[in-house]
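Below, chains carry the letters A, B, ... as their sequence lines are ordered, and counting in each starts from 1.
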Protein chains: 2
Amino acid sequence: MSPDPHPDPIPGFRALADPTRRAILHLLTSESLTIAEVSRNFDMTRPAVKKHLAILADADLITVEPRGRERLNTLNLNGFQQVTDWLSYFDQFWDARLSDLKASLEKGSNP
Amino acid sequence: MSPDPHPDPIPGFRALADPTRRAILHLLTSESLTIAEVSRNFDMTRPAVKKHLAILADADLITVEPRGRERLNTLNLNGFQQVTDWLSYFDQFWDARLSDLKASLEKGSNP
DNA sequence: TTGACGTGATACCTTTTGGTATCATATCAA
DNA sequence: TTGATATGATACCAAAAGGTATCACGTCAA
């Protein structure tokens, strides 16, 4: 019984792949919102929004805190760390590219 | 005939959502590779890898340059820009969180 | 206690995604 | 020229993703 032999080690990327979920994260920067409140901002049903929130929570991009009969969804920056860490590996190649550009300019050739 | 009324303005996120594609990008940091060469690094068929490369190219994460009968795939940092730009918006909230933590520590409460 | 409301949880549907198999085409080398 | 090789292009398939409809449950307020 092993239905998921190779889960993505960085679930944040899949969570960020959907424009709706990115919009939700933007929404939650100004304030924490309940599921119903988030839903009012989008042209889709509440269950659909709840699914998006579940994926964001799984990726540690938000936290969900029970609040009476409501559930308050709050931006969680922890999930961003893995994503930015993976991306930061490529920073060195940016530097390399700038060096190449600089060398090209000095050499007089057209980059 | 408008089959795609709302394309994702940041295709890079969807491209990065797949672990195989992220691995391909890592591969291409050391050197440019042909489709066949990239394929040898993964346990899947060449057409499958080619699809991944097409998605990466659409997202401007790689460039493809014909080279005789081969096609040389090269890392393209331009596609990373949109992604990191979107993510950078959240930097300010990271700072805010650090401020909150600092305030909590000074106040003596447990964060 | 009784409703109304916010949410949890299914079941179901359609489209997209990730993958294979297969064949056609172009190019390089002997 | 001939054959091997690198790729293009399709057709096809199973699973996942994104969405809806629906109903049950817990909680708040009158």
Self-check item: Contact check, side chains of B/Thr74 and B/Glu31, non-hydrogen atoms, under 4.5 Å
Solution: no
Quiz item: Rounded to the nearest Å, what distance is computed from the CE atom of residue A/Met44 to the C1' atom of nucleotide C/dC13?
Solution: 16 Å
Quiz item: Does the C/dG8 base have a donor-acceptor partner in the side chain of A/Arg46 within less than 3.5 Å?
Solution: yes
Quiz prompt | Distance, rounded to the nearest Å, where A/Asp58 contributes CG and D/dA16 contributes C1' | solution = 15 Å
Quiz item: Are B/Phe42 and B/His52 near enough that their ring centres are under 6.0 Å apart?
Solution: no
Self-check item: B/Asn73 vs A/Asp18, nearer the 5' end of DNA chain D by closest nucleotide
Solution: B/Asn73
Quiz item: Taking atom P of C/dG6 as reference, at what distance in whole Å does atom CD of A/Glu37 sit?
Solution: 9 Å
Quiz item: Which part of the nucleic acid, if any, lies within reach of A/Ala36 when heavy atoms closer than 4.0 Å are counted: base, sugar-phosphate only, or nothing?
Solution: sugar-phosphate
Quiz prompt | Cationic N near anionic O, under 4.0 Å, A/Arg22 to B/Asp8 | solution = yes
Quiz item: Are B/Thr34 and D/dA6 close enough that a side-chain N or O sits under 4.0 Å from OP1 or OP2?
Solution: no
Quiz item: Between atom CG in A/Leu33 and atom C1' in C/dT7, what is the gap in whole Å?
Solution: 16 Å
Practice problem: Quickly work out the B/Lys51 NZ to D/dA11 C1' distance and round it to whole Å. | Solution: 10 Å
Quiz item: Tell me: CZ of A/Arg40 to C1' of C/dG6, nearest whole Å?
Solution: 10 Å
Quiz item: Rounded to the nearest 0.5 Å, what separation is found between the CG atom of A/Leu56 and the NZ atom of A/Lys51?
Solution: 14.0 Å
Exercise. On the 0 to 90° scale, with breaks at 30° and 60°, tag the B/Phe90-B/Trp86 ring pair as parallel, tilted or perpendicular.
Key: tilted
Quiz item: Picking from D/dG19, D/dT7, D/dG18, which would you name as closest to the side chain of B/Glu70?
Solution: D/dT7
Quiz item: For A/Asp43 and D/dT20, what is the distance between atoms CG and C1' respectively, to the nearest whole Å?
Solution: 13 Å
Quiz item: From D/dG18, C/dG18, C/dT20, pick the nucleotide closest to the side chain of B/Ala48?
Solution: C/dT20
Quiz item: Does the D/dG8 base have a donor-acceptor partner in the side chain of B/Lys50 within less than 3.5 Å?
Solution: no
Quiz prompt | Rounded distance (Å) that lies between atom C1' of D/dT7 and atom NE2 of B/His52 | solution = 17 Å
Self-check item: Side-chain donor/acceptor of B/Arg69 to base of D/dT5, under 3.5 Å
Solution: yes
Exercise. Could you tell me whether A/Arg67 contacts a base, only the sugar-phosphate backbone, or nothing, with contacts defined as non-hydrogen atoms closer than 4.0 Å?
Key: nothing
Practice problem: Ignoring backbone atoms, test whether A/Thr45 places a side-chain nitrogen or oxygen under 4.0 Å from the OP1 or OP2 oxygen of D/dT20. | Solution: yes
